[in-house]
Each structure stands twice: as structure tokens, then as C-alpha cells.
Amino acid sequence: MPHLETAGVRTPRGVLASYYRAMLGKSADELADLYAADALHEFPFTAPGFPPRYEGREAVRAGYRAAWGASPVRIDEVRTVSSYETADPEVIIAEHVVAGTLPAGGAAFTVPGLLVLRVRDGLITHVRDYMDTAALAGARS
């Protein structure tokens, strides 16, 4: 049964929806504003040129501002393949596919990923962001 958002506190599912909206708009500010000041965002699968983690809201903001600002790709859609609420009410797991377009030639690309979000008091405290770094690297080139 979906959790209802009460008293203005965002549920993990609501935060996930906002997270995807920020990705779609490539808005580092909207994304970072979803995080607690001391949050941790980890990338367990990393590749050269990708950091293993961002520590704190402002690192998330700076990291995504730099990454999205340097990338000419257009994100056309973030498709949720599936999402799972867990026995822990703070955690949601979501599989998604980011679909976009490369500006040079208009080639389409997809990058699959999996997010494990921990949300406390309506803010992200921890993310494990498993993305297909090979697909991401190909989309950036």
C-alpha cells in the first residue's frame, strides 16, 4: 500500500518522484534540495572520470552541476521500470532507464540504473546509485 504524505513531510516515494523530475530537468539545485545537509551519495560502480561518492548536500549540488553542465546530452525521459518499498519505511529501491539524445547527430541513448534511497524526515540521507557507467560514458562522448 503506498504511503501517504502527511504534514508536509515527503515520503520516500514522493522524494523519488522529485528526484526523477530533477534528473529530467538536469537541475542540480532541485536535486540537491532533496538531500539532508550531511547526506551521502555513493556510486558503487564507478569509472574513470566519475567520483565514488558525494559527501553532503553541497557536494551533490556541485557535482551534479558540473556533470550536467558539461554534458551536452538532452534527457528526454526517466522511465521507472519498477520500485519497491521495503520493510524499512525510510528505504525505497527503484530501477529506472534514462533515455536521451546526443545533440551531435541526434543519436538516442539509454542508461539503466538502480537507486537505493534512504529518506528521513522528508530528506535523502543516503543514496546508493548503481548506474551502467559504460552506457553513461558512451552517452557523454
Side-chain angles (χ1 to χ4, degrees), residues 1-6 8-141:
M1 174 170 213
H3 296 289
L4 298 177
E5 298 193 24
T6 58
V9 175
R10 293 177 295 212
T11 64
R13 188 166 296 281
V15 170
L16 177 64
S18 295
Y19 188 103
Y20 287 155
R21 280 192 300 275
M23 285 176 63
L24 187 59
K26 291 174 59 174
S27 175
D29 288 328
E30 287 179 30
L31 184 67
D33 289 346
L34 298 172
Y35 285 74
D38 62 348
L40 177 63
H41 187 123
E42 296 179 289
F43 301 97
F45 302 141
T46 191
F50 294 96
R53 74 186 55 79
Y54 295 132
E55 296 182 30
R57 176 190 303 133
E58 296 313 313
V60 169
R61 187 182 318 276
Y64 275 97
R65 181 174 287 137
W68 287 339
S71 175
V73 303
R74 184 180 75 229
I75 298 175
D76 299 318
E77 180 182 17
V78 180
R79 292 190 298 262
T80 303
V81 175
S82 58
S83 61
Y84 305 94
E85 292 174 351
T86 69
D88 183 336
E90 294 184 343
V91 176
I92 190 165
I93 300 168
E95 181 183 0
H96 61 266
V97 175
V98 176
T101 308
L102 296 169
F109 68 89
T110 58
V111 177
L114 180 85
L115 290 172
V116 180
L117 296 180
R118 177 172 294 280
V119 176
R120 185 172 297 133
D121 298 326
L123 294 172
I124 296 170
T125 60
H126 190 203
V127 175
R128 292 189 52 87
D129 189 345
Y130 298 88
M131 68 178 110
D132 183 341
T133 53
L136 183 61
R140 292 176 69 187
S141 53

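Note that this is a predicted model, so its numbers are computed, not measured.
- When every heavy atom of Pro72 is checked against every heavy atom of Ala70, the shortest pair comes out as CD-O, 3.5 Å.
- Pairs of residues two or more places apart, or lying in two chains, that qualify as salt bridge (charged side-chain N to carboxylate O under 4.0 Å, His left out) and include a residue from residues 64-74 are Asp29-Arg65, Arg74-Asp76.
- The salt bridge (charged side-chain N to carboxylate O under 4.0 Å, His left out) contacts involving residues 95-112 comprise nothing, where partners must be two or more places apart or lie in separate chains.
- Relative orientation of the Tyr130 and Phe45 rings is perpendicular, given thresholds of 30° and 60° on the angle between their planes.
- Atom OH of Tyr35 is separated from atom CG of Leu117 by 7.0 Å, given to the nearest 0.5 angstrom.
- Residue Lys26 comes nearest to Ser71 through the heavy atom pair NZ-O, 2.9 Å, listed as atom of the first residue, atom of the second, then distance.
- Met23 approaches Trp68 most closely through the heavy-atom pair CA-CH2, 3.9 Å.
- Under the 4.0 Å criterion applied to side-chain N and carboxylate O atoms, Arg21 and Glu30 are not assigned as salt-bridge partners.
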Assess the residue pair Tyr19 and His96 against the criterion (side chain to side chain contact (heavy atoms under 4.5 Å, CB included)); give the C-alpha distance rounded to whole Å, side-chain angles, the decisive distance to 0.1 Å, and a yes or no.
CA-CA 12 Å; Tyr19 188 103; His96 61 266; 5.9 Å; no
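- With sequence neighbours excluded, the residues forming a side chain to side chain contact (heavy atoms under 4.5 Å, CB included) with Thr46 are Phe50, listed by chain and number.
- Here the straight-line distance linking atom CG of Leu16 with atom CD1 of Ile124 works out to 8.5 Å at 0.5 Å rounding.
- Taking each heavy atom of Pro44 and Asp129 in turn, the nearest pair found is CD-O, 3.5 Å.
- Residues Arg57 and Asp33 are not paired through a salt bridge, judged by the lack of any N-O separation under 4.0 Å between the basic side chain and the carboxylate.
- Distance check: Arg120 CZ to Glu90 CD gives 4.0 Å after rounding to the nearest 0.5 Å.
- Pairing each heavy atom of Ala36 with each of Thr125, the nearest pair is CB-CG2, 4.3 Å.
- Interatomic distance, CD1 of Ile93 versus CG of Leu115, reported as 10.5 Å (0.5 Å rounding).
- Partners of Arg79 by salt bridge (Lys or Arg N to Asp or Glu O under 4.0 Å), not counting sequence neighbours, listed by chain and number: Glu77.
- In this view, Pro51 and Phe43, Tyr54 satisfy the side chain to side chain contact (heavy atoms under 4.5 Å, CB included) rule, not counting sequence neighbours.
- Partners of Leu40 under the side chain to side chain contact (heavy atoms under 4.5 Å, CB included) rule, at least two apart in sequence or in another chain, are Glu42, Arg53, Glu55, His126.
- Heavy atoms only, all atoms of each residue included: Ile92 and Ser83 are closest at CD1-CB, 4.5 Å.
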